[in-house]
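Every heavy atom of this structure was used, including side-chain atoms; hydrogens, water molecules and symmetry mates were not.
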Amino acid sequence: SHVASETIRGQRLNSEKHDAGWSLSGAAALLAATFVIHVPVVGFDFVYDDLQTIERNGFLAHPSNLGSLADGSAARNGIVDSERPLMPATLMIDRAIGGLRPWVYHVHSLLWHLACVCLVMWLALQIFGNPMTAWVAGLVFSIHPAHAEAVRVDRFVAEAERHFLVQQVIGRVPRGDVGLGLEGQS
């Protein structure tokens with residue numbers, strides 16, 4: 001009885017180690033594939049909304065404007081996209097790092113996408129408890145056509161959604177609440 005219990009416990013621990021190993025190697029493979037698929041974006045120029053939001057937006061050239069994003073005065077004064085203050089704040093960082101070189105902005109966008117793929121996999125693993133399901137969720141998220149424009153052309157369409165996803169996951173972690181938030185709803 002004691003030997004059988006220890007054997008079952010050992011099998012469970014080996015299974016958990018295998019799942020954790022598969023999760024890490026599967027996540028690494030998916031991130032590498034996602035990077036390879038989307039890395040051409042780094043060579044793209046500014047297009048569409050980038051022209052107004054980045055190239056023609058002198059507001060981004062002055063990090064001292066961060067305060068007006070925080071207090072809402074930038075939005076009241078009609079500064080482009082300031083109703084989503086996190087977005088122009090990150091664009092200010094991009095501008096400070098790379099000026100008006102598009103590759104800096106595109107690398108940042110690609111890094112956000114890779115981070116979100118990780119978060120989707122982690123969230124799916126927390127919800128479903130199955131590494132394969134988490135990997136498939138990450139795969140669907142990473143290559144879904146809805147993200148193609150956000151990653152490759154106009155990063156601003158989905159930037160707010162990515163920030164929202166990160167905020168939702170981070171906001172749930174301290175409470176341990178990784179459910180869908182549908183409890184008690186009919």
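In terms of heavy atoms, Ala124 sits closest to Ala134 at CB-CA, 3.6 Å. Residues Ile143 and Ile37 come closest through the heavy atom pair CG2-CD1, 3.7 Å.
Panel note: side chain Arg84, backbone Asp81; no donor-acceptor pair is recorded below 3.5 Å. Judged purely by atom type and a 3.5 angstrom limit, Asn77 has no side-chain atom pairing as donor or acceptor with the backbone of Ile79. Thr53 contributes no side-chain N or O that, together with a main-chain N or O of Asp50, makes up a donor-acceptor pair within less than 3.5 Å. Panel note: side chain His106, backbone Phe44; a donor-acceptor pair is recorded below 3.5 Å.
Here CD of Glu55 is found 6.5 Å from CG of Leu100. Values are rounded to the nearest 0.5 Å. We find the CG-OG distance between Leu114 and Ser142 to be 9.0 Å, quoted to the nearest 0.5 Å. Rounding to the nearest 0.5 Å gives a distance of 11.5 Å between CZ of Phe59 and CZ of Arg95. Atom CG of Leu86 sits about 9.5 Å away from atom CG of Leu69, to the nearest 0.5 Å. Distance CE/Met92 to OG/Ser64: 7.5 Å, rounded to 0.5 Å. Between the CG atom of Leu30 and the CH2 atom of Trp135 there is a distance of 6.0 Å, given to the nearest 0.5 Å.
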The test is side-chain contact (heavy atoms from CB on, under 4.5 Å); show your working for Leu91 and Ile54 and say whether it passes. CA-CA 8 Å; Leu91 292 175; Ile54 298 171; 4.3 Å; yes
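The side-chain heavy atoms of Val41 and Ser109, taken from C-beta on, include no pair separated by under 4.5 Å.
There is a path of hydrophobic side-chain contacts, each under 4.5 Å, that joins Met87 to Leu66. Hydrophobic clustering (side-chain heavy atoms under 4.5 Å, transitive across Ile, Leu, Val, Met, Phe, Trp, Tyr) keeps Trp122 apart from Leu125. Taking hydrophobic clusters as Ile, Leu, Val, Met, Phe, Trp and Tyr residues chained together by side-chain heavy-atom distances below 4.5 Å, Val80 does not share a cluster with Ile93.
Between Phe141 and His113, the two ring planes are parallel [angle under 30°; tilted spans 30° to 60°].
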